[in-house]
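Below is one structure; the comments refer to it alone.
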Amino acid sequence: MKPEVTIVPSMMCADFVHLGRDIQGLEQAGVSALHWDVMDANFVPNLTFGADIVNAARQVSSLRFDVHLMVNHPDLLFRQLRLRQGDSLTFHPEAYEDAVTLLRRIRGAGLRPGLVLNPNTPMEAVVSDALVRDQDMILVMGVYAGFAGQEFIHETVDRLRAVAESPLVLERRIVLAFDGGVTPANAGTLAHAGARCLVSGSYFFDRSRTFTQSLLALRKAARV
Ligand code: DX5
Ligand code: ZN
């Protein structure tokens, strides 16, 4: 039996005035992880939250944290974050020269390291002999990192498939997560192409549905 696809809500779409309430609601709805988009208005033209907010949330939640760094100094953020064993931390290869060293430091801290593949990132910047051994996950983007609610770029499905079929990735059993533009309309295709985690922002937090409804709709669509 194929493992179930994990649906991971993207917290940049949460209600920042009532962040604690949303975290509680997500726990009650039965999600298993929270995705945190840290942006610095520099690597990407948008600013979200930094280590203080993520660390404060970390104190009040038992869920797994999946932190996606869209910053020019991922090493700095890595040092400031107080994550728990088993949490994941990903960064963009364009943002840091010595990706291998940082991936190793992240793993050395008991976290699950990974790189992010933007739609225009050459695959070799993430999938290579030198890089795969130090990654537990790869985050494939369905939009250009920076904003929630962007239109899904269909060609990214082929990239996801190419990463999933890469012998290097298969051999090391790297978990593939997909982020950006995820809805029930494409969740099945993405799961079929190899995504094991689907990150969802604007669809998940659309307040015309409850968190439970969003979660179940995405889970159902992702069942392949
Ligand atoms: C985009 C972020 C995503 C974003 C997803 O830069 O990395 O996590 O919040 O939002 P949607 O699902 O609306 O594309
Ligand atoms: Zn993200």
Side-chain angles (χ1 to χ4, degrees), residues 5-44 46-92 95 102-103 105-116 136-137 139 141 143 145-149 175 177-180 182 196-207 209-216 218-219:
V5 173
T6 307
I7 307 299
V8 188
S10 169
M11 299 307 287
M12 72 178 285
C13 294
D15 179 351
F16 291 161
V17 177
H18 303 109
L19 190 54
R21 194 166 75 187
D22 269 5
I23 292 173
Q24 238 177 14
L26 292 164
E27 291 188 354
Q28 279 161 6
V31 312
S32 54
L34 304 177
H35 182 86
W36 297 87
D37 289 299
V38 177
M39 302 185 189
D40 65 351
N42 202 330
F43 181 72
V44 290
N46 194 10
L47 187 65
T48 50
F49 35 70
D52 285 349
I53 302 275
V54 178
N55 291 345
R58 183 61 292 184
Q59 301 270 326
V60 299
S61 176
S62 55
L63 300 177
R64 193 171 63 72
F65 274 24
D66 170 34
V67 180
H68 173 191
L69 298 179
M70 282 156 275
V71 301
N72 267 334
H73 297 284
D75 52 326
L76 200 73
L77 261 296
F78 162 62
R79 286 201 295 273
Q80 291 171 352
L81 286 164
R82 299 281 166 263
L83 297 175
R84 286 192 197 154
Q85 294 264 328
D87 286 346
S88 46
L89 185 57
T90 59
F91 61 96
H92 290 251
L102 185 52
L103 289 167
R105 267 191 228 140
I106 294 170
R107 187 178 272 158
L111 308 174
R112 300 167 64 233
L115 290 170
V116 190
D136 291 338
M137 69 180 283
L139 184 64
M141 297 302 298
V143 300
F147 295 90
V175 172
F178 193 91
D179 182 15
V182 173
R196 284 293 149 261
C197 299
L198 295 176
V199 176
S200 167
S202 42
Y203 177 83
F204 200 103
F205 285 92
D206 180 336
R207 304 284 165 165
R209 286 181 300 274
T210 64
F211 292 159
T212 307
Q213 285 169 335
S214 294
L215 179 63
L216 293 182
L218 286 165
R219 264 193 197 152

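In this structure, the side chains of Ser214 and Asp206 stay at 4.5 Å or more apart for every pair of heavy atoms. Between Val199 and Val182 there is no side-chain heavy-atom pair separated by less than 4.5 Å. A 4.5 Å side-chain heavy-atom check between Leu26 and Met11 finds at least one atom pair inside the cut-off.
To the nearest 0.5 Å, the span separating CG on Leu139 from CG on Leu115 amounts to 10.0 Å. Between the OG1 atom of Thr6 and the CG atom of Leu218 there is a distance of 12.0 Å, given to the nearest 0.5 Å. Note: Arg105 CZ to Leu89 CG = 12.0 Å, rounded to the nearest 0.5 Å. The structure places CG of Leu216 at 10.0 Å from CD1 of Ile7, a figure rounded to the nearest 0.5 Å. The structure places CZ of Phe91 at 4.0 Å from CG of Leu102, a figure rounded to the nearest 0.5 Å.
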Residues 74-86 side chain polar contacts: donor-acceptor under 3.5 Å, at least two apart:
residue: Arg82; atom: NH1; partner: Arg79; partner atom: O; Å: 3.1
residue: Arg84; atom: NH1; partner: Ser61; partner atom: O; Å: 3.2
residue: Arg84; atom: NH2; partner: Arg58; partner atom: O; Å: 2.9

Mind listing the side-chain donor-acceptor pairs of residues 13-24 below 3.5 Å, one per line with the distance, residues two or more places apart or on another chain?
residue: Asp15; atom: OD1; partner: Val17; partner atom: N; Å: 3.0
residue: Asp15; atom: OD1; partner: His18; partner atom: N; Å: 3.4
residue: Asp15; atom: OD2; partner: His18; partner atom: ND1; Å: 2.9
residue: His18; atom: ND1; partner: Arg21; partner atom: NH2; Å: 3.3
residue: Asp22; atom: OD1; partner: Arg207; partner atom: NH1; Å: 3.3
residue: Asp22; atom: OD2; partner: Asp15; partner atom: N; Å: 2.8
residue: Asp22; atom: OD2; partner: Arg207; partner atom: NH2; Å: 2.8

Side-chain donor-acceptor distances from residues 31-40 under 3.5 Å, at least two apart:
residue: His35; atom: ND1; partner: Asp66; partner atom: OD2; Å: 2.8
residue: His35; atom: NE2; partner: Asp37; partner atom: OD1; Å: 3.0
residue: His35; atom: NE2; partner: His68; partner atom: ND1; Å: 3.4
residue: His35; atom: NE2; partner: Asp179; partner atom: OD2; Å: 3.2
residue: Asp37; atom: OD1; partner: His68; partner atom: ND1; Å: 3.0
residue: Asp37; atom: OD2; partner: Ser10; partner atom: OG; Å: 2.7
residue: Asp40; atom: OD1; partner: Asn42; partner atom: N; Å: 2.9
residue: Asp40; atom: OD1; partner: Phe43; partner atom: N; Å: 2.7
residue: Asp40; atom: OD2; partner: Asn72; partner atom: N; Å: 2.8

Can you give the donor-acceptor pairs under 3.5 Å from side chains of residues 106-114 to other protein atoms, not counting sequence neighbours?
residue: Arg107; atom: NH1; partner: Arg133; partner atom: O; Å: 2.9
residue: Arg107; atom: NH2; partner: Asp136; partner atom: OD1; Å: 2.5

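Nearest approach of Ala29 to Phe211, heavy atoms of both residues: CB-CB, 3.8 Å. When all heavy atoms of Gly146 and Met12 are compared, the closest pair comes out as O-CE, 4.4 Å. Nearest approach of Ser62 to Glu27, heavy atoms of both residues: N-OE2, 3.3 Å. For the pair Ala145 and Val44, the tightest heavy-atom approach, listed with the atom from each and the gap, is O-CG1, 3.4 Å.
With sequence neighbours excluded, no residue forms a side chain to side chain donor-acceptor pair (under 3.5 Å) with Thr48. Shown here are the salt bridge (charged side-chain N to carboxylate O under 4.0 Å, His left out) partners of Arg219, two or more places apart in sequence or in another chain: Glu4.
Using modelled atom types, one side-chain atom of Arg209 and one backbone atom of Tyr203 make a donor-acceptor pair closer than 3.5 Å.
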